[in-house]
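For reference, the structure is listed below as structure tokens.
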Protein chains: 2
Amino acid sequence: MTPLQLCKCLADETRLKIVMRVRQHGELCVCDLVDTLGQPQPTVSRHLSQLRECGLLAVRKDAQWAYYRLHEGLPAWAMDVLEALQAPVGKQFPLKPDQRSGCC
Amino acid sequence: MTPLQLCKCLADETRLKIVMRVRQHGELCVCDLVDTLGQPQPTVSRHLSQLRECGLLAVRKDAQWAYYRLHEGLPAWAMDVLEALQAPVGKQFPLKPDQRSGCC
DNA sequence: CCTGTATATTCGGATTTCCGAATTTAATGG
DNA sequence: CCATTAAATTCGGAAATCCGAATATACAGG
């Protein structure tokens, strides 16, 4: 995970939103992301694959659902970047439990 | 300057290097950047224009030279992002005064 | 003026990135 | 089995990005 790779991962609106929201919630399933992002499921899934392959996100699969989280092995500087980016964007999307899609 | 815009600015190897080096030195002229980046002058100039237009860099022109610096009006969270990114990349390019190109 | 140096801009094409549509895989429950 | 739901993948084309080459602009010094 180089700084350039991280920046490229975050240089797309959908991916940036995904990472920020996953960071806020600790763990999110794909259907929650699809609902709140308003983007078609294949699009979200493609971006998730990308974020997984570059080591930014990790998955946990439970039955038919997939739960994404920040990868534990992320270096400290990367976590610092995400924290700094959350300041202006993150606060705007506080997702209360009762606003969840409830799909899973 | 939104987080997405910042990430896009930094999602290119040349631009990332430019910003990190400018941040380290406070101010750098174009010819210094051209020399140390090993990229053709039009390429560097194009990236500098981009970074200027999005508000990341500011210019000071003195005679035939142009000196670039981080824009003073950058929000705190953006400065934090740059600081976090400097940890892994920045330390690798400490440019001592006697390693300057000396062109200006 | 004329030359040389520093920087910026333009233009076309090549490459990369992104997305829509359709399909596939996998797991669950009847 | 079959239908349904969640998620991933594939494919082709559209759109955005990047770069090389050439040119333009601006300034300094003779």
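Because the structure is predicted, anything quoted here is derived from the model rather than measured. Below, chains carry the letters A, B, ... as their sequence lines are ordered, and counting in each starts from 1.
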Let me know the distance between [atom1] of [X] and [atom2] of [N], rounded to the nearest Å.
| X | N | atom1 | atom2 | answer |
| --- | --- | --- | --- | --- |
| B:Lys61 | D:dT25 | NZ | P | 14 Å |
| A:Leu4 | C:dT16 | CG | P | 14 Å |
| B:Glu13 | D:dC19 | CD | C1' | 14 Å |
| B:Leu33 | C:dA6 | CG | P | 14 Å |
| B:Leu51 | C:dA8 | CG | C1' | 15 Å |
| B:Leu28 | C:dA6 | CG | P | 15 Å |
| B:Leu57 | C:dA8 | CG | P | 11 Å |
| B:Leu37 | D:dC19 | CG | C1' | 15 Å |

Distance test, side-chain N/O of A:Tyr68 to OP1/OP2 of D:dA8, below 4.0 Å
yes
Does a nitrogen or oxygen in the side chain of B:Ser49 sit under 4.0 Å from OP1 or OP2 of C:dT9?
yes
Within-4.5 Å side-chain heavy-atom neighbours: [X] and [Y]:
| X | Y | result |
| --- | --- | --- |
| B:Cys54 | B:Met1 | yes |
| A:Cys7 | A:Val81 | no |
| B:Arg15 | B:Leu51 | yes |

Which residues pass the side chain to side chain donor-acceptor pair (under 3.5 Å) test with A:Glu53, sequence neighbours left out?
none
Who passes salt bridge (charged side-chain N to carboxylate O under 4.0 Å, His left out) against B:Glu83, sequence neighbours left out?
none
Check B:Leu56, B:Leu57, B:Leu4 against B:Cys9 for a side chain to side chain contact (heavy atoms under 4.5 Å, CB included) and give me the one that passes.
B:Leu56
How would nucleotides 17-30 of chain C be written as a contact map, 5' to 3', with B for base contact, S for sugar-phosphate-only contact and - for no contact, using protein heavy atoms under 4.0 Å?
-SBBBB----SS--
